[in-house]
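Shown next, in structure tokens, is the structure this report addresses.
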Amino acid sequence: MQFHMLVLEGDKEAEKTKKEAHLPVYTASAYLRRKRLESRPPLHNRSFYLCRMIEEELKGLVIDGSGRITICAHQVRLAPGDEKYICDRNFHVSIYYLEQEEINAIEEADPDTEQTVIWRILQNSLMDIARRNRCPGDVAEKMEEAFARIADSHFVREERIEKLTKRAKNTGLTAYVYRVLSAETGEGWHIKITDRKKRVRYQAAIDEDTRYINRLGSRLYAKAEWRENAFVISDNFAQEVFRINVPEE
């Protein structure tokens with residue numbers, strides 16, 4: 001099975017305990033660090049955009065036969081026998097546990113370095129899984145190239161989603177839908193509508209308050225169409241999730 005989903009899972013109980021703990025503060029820097037730890041989202045959310053970028057870059061590759069790979073930053077391993085890596089070939093899912101020093105590196109990273117730290121750990125984890133499964137050399141090479149592209153992009157990916165880009169036959173208006181993955185947006189979406197002369201008639205963010213949902217993978221954004229002067233995006237159950245009416249000139 002081809003790889004299509006990556007999750008970096010933190011220790012939810014440990015994250016909750018740290019937020020609730022009232023640690024002593026003796027310096028301004030210690031106070032600021034405590035406030036940052038209390039306010040930052042869970043690790044799953046902080047790594048969300050990187051996991052989506054990796055999924056796109058590694059699309060079509062077979063790493064270990066699993067469709068979903070979960071990288072666990074748990075203080076205590078949940079698997080029996082403390083195995084580091086488990087691949088369930090019946091359900092095509094894998095679990096890979098990070099070492100304590102890797103968990104510490106993520107915890108201690110500041111906002112400026114965290115994405116590089118997480119990127120490197122995810123790269124090392126997936127490359128280790130590939131080695132354990134004796135992946136062909138070309139697969140490992142493609143993985144290395146993919147991670148290099150992510151770093152070269154400064155961890156930002158903006159792409160036009162072609163299946164949601166539609167042209168209205170009656171008005172000639174074209175709606176372009178874009179997805180942006182970054183630390184700032186998580187998963188951000190925006191739309192641009194142009195006329196026949198390529199003039200921009202309308203542009204705006206879509207669902208700007210919802211950042212940690214994989215709208216493509218979950219089929220929340222499954223279909224787009226023009227209904228007269230309205231551009232509509234629907235989910236997999238044909239329910240509208242976005243609509244914008246564009247008045248005629």
Side-chain angles (χ1 to χ4, degrees), residues 3-20 35-59 66-74 78 93-96 98 102-103 105-107 109-123 125-126 146-147 150-151 153-161 163-164 177-191 204-224 233-237 239-242:
F3 165 77
H4 65 264
M5 185 173 185
L6 177 66
V7 176
L8 177 58
E9 182 178 282
D11 189 328
K12 295 180 181 179
E13 287 302 318
E15 290 176 333
K16 181 179 179 181
T17 301
K18 286 183 179 180
K19 284 192 174 184
E20 293 177 347
K35 298 302 290 184
R36 178 175 67 82
L37 292 177
E38 289 175 346
S39 62
R40 71 180 183 181
L43 179 59
H44 174 272
N45 291 2
R46 303 196 318 269
S47 63
F48 180 91
Y49 70 102
L50 276 174
C51 290
R52 301 293 78 75
M53 292 175 70
I54 293 168
E55 289 170 2
E56 292 295 331
E57 289 288 348
L58 301 185
K59 186 180 294 183
S66 292
R68 171 181 172 135
I69 297 176
T70 301
I71 310 297
C72 295
H74 292 168
L78 304 179
V93 295
S94 296
I95 298 176
Y96 183 94
L98 298 180
E102 294 173 308
I103 298 173
I106 295 173
E107 286 298 311
D110 60 41
D112 294 329
T113 62
E114 183 181 65
Q115 61 186 359
T116 303
V117 171
I118 293 176
W119 165 82
R120 178 64 67 187
I121 287 173
L122 291 175
Q123 179 186 37
S125 300
L126 291 178
F147 277 95
I150 292 173
S153 73
H154 303 290
F155 307 104
V156 176
R157 180 186 181 98
E158 180 173 7
E159 58 186 329
R160 192 168 76 193
I161 307 302
K163 76 170 188 176
L164 299 178
V177 178
Y178 298 85
R179 180 177 72 165
V180 181
L181 300 170
S182 70
E184 181 180 1
T185 63
E187 180 178 284
W189 289 76
H190 62 93
I191 183 174
I206 305 174
D207 284 355
E208 54 187 311
D209 294 331
T210 308
R211 296 186 171 188
Y212 308 116
I213 296 177
N214 182 358
R215 293 168 178 82
L216 287 179
S218 66
R219 303 279 291 168
L220 180 61
Y221 289 177
K223 180 182 178 181
I233 298 177
S234 305
D235 64 17
N236 196 39
F237 301 100
Q239 299 294 315
E240 285 188 18
V241 292
F242 175 78

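The structure presented is a predicted model; accordingly, all values stated were derived computationally and were not measured.
Applying the 6.0 Å contact sphere to NZ of Lys223 captures no more than 12 heavy atoms from other residues, nucleotides or ligands.
Atom OH of Tyr49 sits about 8.0 Å away from atom CE of Met53, to the nearest 0.5 Å. A distance of 11.0 Å separates CZ of Phe3 from NZ of Lys59, quoted to the nearest 0.5 Å. Between the OG1 atom in Thr113 and the CD1 atom in Ile106 there is a gap of 11.0 Å [rounded to 0.5 Å]. Note that CD1 of Ile69 is 11.5 Å distant from CE of Met5, once rounded to the nearest 0.5 Å. With rounding to the nearest 0.5 angstrom, the CG atom of Leu43 is 10.0 Å from the CG atom of Asp11. Between the CG atom of Leu122 and the CZ atom of Arg120 there is a distance of 11.0 Å, given to the nearest 0.5 Å.
You'll find the side chain of Glu55 stays beyond 4.5 Å of the side chain of His4, heavy atoms only. At a threshold of 4.5 Å between non-hydrogen side-chain atoms, the residues Asp207 and Phe242 do not count as touching. Using a 4.5 Å cut-off on side-chain heavy atoms (C-beta onward), Leu6 and Leu58 make no contact. At least one side-chain heavy atom of Leu216 sits under 4.5 Å from a side-chain heavy atom of Lys163. Contact check for Ile54 versus Phe147: side-chain heavy atoms found under the 4.5 Å cut-off. Counting only heavy atoms from C-beta outward, the side chains of Ile121 and Leu8 never approach each other to under 4.5 Å.
In summary, the aromatic rings of Trp189 and Tyr221 are positioned with their centroids under 6.0 Å apart.
Listed for the Arg52 side chain is no donor-acceptor partner under 3.5 Å among the backbone atoms of Gly186. No donor-acceptor pair closer than 3.5 Å links the side chain of Ser47 to the backbone N or O of Leu50.
Taking each heavy atom of Glu57 and Ala146 in turn, the nearest pair found is CB-CB, 3.7 Å. Residues Leu164 and Ala224 come closest through the heavy atom pair O-CB, 3.5 Å. Between Thr185 and Val180, the shortest heavy-atom distance links the atoms OG1-O, 3.3 Å. The nearest pair of heavy atoms linking Ser218 to Ile213 is OG-CG2, 4.2 Å. Across every non-hydrogen atom of Ala183 and Gln115, the tightest pair is CB-OE1, 3.9 Å. Between Ser125 and Leu98, the shortest heavy-atom contact is OG-CD2, 3.4 Å.
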With side chain to side chain contact (heavy atoms under 4.5 Å, CB included) as the criterion, how do Leu126 and Tyr96 come out once you've worked through the C-alpha distance, each side chain's angles and the decisive distance to 0.1 Å? CA-CA 9 Å; Leu126 291 178; Tyr96 183 94; over 6 Å; no
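The aromatic rings of Phe48 and Tyr212 sit perpendicular to each other, their planes meeting at more than 60°, with 30° as the lower class boundary.
Scanning for salt bridge (Lys or Arg N to Asp or Glu O under 4.0 Å) contacts around Glu187 gives Arg179, Arg215, with sequence neighbours left out.
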